[in-house]
Peer 1: 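Quick one: structure below, then a few questions.
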Amino acid sequence: EKVHFILASFYWAQPSRGSVSGNSGSTTTTFSIPGEIGTNLYYQYYFKENKLSLYSGYDFEKLNTFNTDQIVTGASVTNIDNKIHYATFGATKSFTLFNLNMNLKASVSKSITSSTSGTRALAGTKYILYYTYKPEGLLSFSAFYKHHMLSGTTKLAIDRIGFSVGVLVF
């Protein structure tokens, strides 16, 4: 059984439309949110005796924020493109419940560099918790919670809940 792994993934997410209302409620701006993309590359070591894996590596995210520092003074809403590079460390625990193969996965990522189309690049930390069900075959099904704590022009906290389908390539 293998104990050393190189893991890679790519994702794309299309958020829904958004809106911002003024304090008086008389002004509402509707806007589109561009898609988010991300990729990662990890080295993972699997401890067979306790079905635990530790991994570390690189994450990249391209996500959009808004000119919140200018919106409060009456400016129109504009998208700000952010590209963030992270160093990541995580652990995965495999287990079987009712003859179903499952994994619990947790990771923490610290930004190492970033760029922005805004005035200050974002920096900070993200956390991810995953639950994955892996039936026989090439597919896996996951539910996740992702939390960003970032700062740049303003402080930003983003919480996401999502579902994904994975395909084992080789």
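Numbers here are sequence positions counted from 1.
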Peer 1: Would you please name every residue forming a side-chain hydrogen bond (donor to acceptor under 3.5 Å, both in side chains) with Thr113, sequence neighbours left out?
Peer 2: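 Checked Thr113 against side-chain hydrogen bond (donor to acceptor under 3.5 Å, both in side chains); zero matches.
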Peer 1: Can you list everything that forms a side chain to side chain contact (heavy atoms under 4.5 Å, CB included) with Leu138? Sequence neighbours excluded, please.
Peer 2: Leu168
Peer 1: Tell me if a side-chain donor or acceptor on Lys51 pairs with a main-chain N or O of Thr92 at a distance below 3.5 Å.
Peer 2: no
Peer 1: Once salt bridge (charged side-chain N to carboxylate O under 4.0 Å, His left out) is applied, do any residues pair with Lys126, and if so which ones, sequence neighbours excluded?
Peer 2: Asp59, Glu61
Peer 1: Among Ile, Leu, Val, Met, Phe, Trp and Tyr joined by side-chain contacts under 4.5 Å, find the other residues sharing a cluster with Tyr130 and list them by chain and number.
Peer 2: Ile128, Phe144
Peer 1: Ring-plane angle category for Tyr45 and Phe47, please: parallel below 30°, perpendicular beyond 60°, tilted otherwise.
Peer 2: perpendicular
Peer 1: Do the non-hydrogen side-chain atoms of Tyr42 and Ser9 ever get within less than 4.5 Å of each other?
Peer 2: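 They are not in contact (no side-chain heavy atoms under 4.5 Å apart), so the answer is no.
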Peer 1: If you group Ile, Leu, Val, Met, Phe, Trp and Tyr whenever their side-chain heavy atoms sit less than 4.5 Å apart, what else falls in with Ile84?
Peer 2: Leu63, Tyr86, Leu122, Leu150, Leu156, Ile158
Peer 1: Of all heavy-atom pairs between Ser111 and Ala123, which one has the smallest distance, and what is that distance?
Peer 2: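 In terms of heavy atoms, the two residues are closest at OG-CA, 3.4 Å.
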Peer 1: According to a 4.5 Å side-chain heavy-atom criterion applied to Ile, Leu, Val, Met, Phe, Trp and Tyr, with indirect links allowed, do Tyr131 and Tyr127 form part of one hydrophobic cluster?
Peer 2: no
Peer 1: So that I can tick it off, tell me whether Glu36 and Lys83 are bridged by a salt bridge, with the cut-off set at under 4.0 angstrom between side-chain N and carboxylate O.
Peer 2: no
Peer 1: Which residues pass the side-chain hydrogen bond (donor to acceptor under 3.5 Å, both in side chains) test with Thr119, sequence neighbours left out?
Peer 2: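 Checked Thr119 against side-chain hydrogen bond (donor to acceptor under 3.5 Å, both in side chains); matches are Thr153.
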Peer 1: Hey, are His85 and Tyr58 close enough side-chain-wise for a donor-acceptor pair under 3.5 Å?
Peer 2: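 Tyr58 vs His85: donor-acceptor pair found between side chains.
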Peer 1: Quick one: side-chain hydrogen bond (donor to acceptor under 3.5 Å, both in side chains) partners of Lys62, sequence neighbours excluded?
Peer 2: Asp81
Peer 1: Does atom CD of Glu49 have more than 12 heavy-atom neighbours from other groups under 6.0 Å away?
Peer 2: yes
Peer 1: Restricting to side-chain hydrogen bond (donor to acceptor under 3.5 Å, both in side chains), what partner residues turn up for Tyr133, sequence neighbours left out?
Peer 2: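 With neighbours one apart ignored, the set is empty.
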Peer 1: For Lys48, enumerate each residue passing the side chain to side chain contact (heavy atoms under 4.5 Å, CB included) test, keeping only those at least two apart in sequence or located in another chain.
Peer 2: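 Partners of Lys48 by the side chain to side chain contact (heavy atoms under 4.5 Å, CB included) criterion, ordered by chain and then number, come out as Glu1, Val3, Tyr46.
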Peer 1: Could you work out, with side chain to side chain contact (heavy atoms under 4.5 Å, CB included) as the rule, every residue matching Phe10, not counting sequence neighbours?
Peer 2: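 So Phe10 forms a side chain to side chain contact (heavy atoms under 4.5 Å, CB included) with Trp12, Ile37, Thr39.
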Peer 1: Which heavy atom of Leu139 sits nearest to which heavy atom of Lys134, and what is that distance?
Peer 2: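 Between these two residues, the closest heavy atoms are O-CD, 3.7 Å.
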Peer 1: Share the residues that join Ile80 in a hydrophobic cluster, the rule being Ile, Leu, Val, Met, Phe, Trp or Tyr side chains under 4.5 Å apart at the heavy-atom level.
Peer 2: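 Cluster partners of Ile80: none, it stands alone.
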Peer 1: List the residues meeting salt bridge (charged side-chain N to carboxylate O under 4.0 Å, His left out) with Arg120, not counting sequence neighbours, and say none if there are none.
Peer 2: none
Peer 1: Report, as yes or no, whether the 6.0 Å neighbourhood of atom CZ on Phe95 holds more than 12 heavy atoms from other residues, nucleotides or ligands.
Peer 2: yes
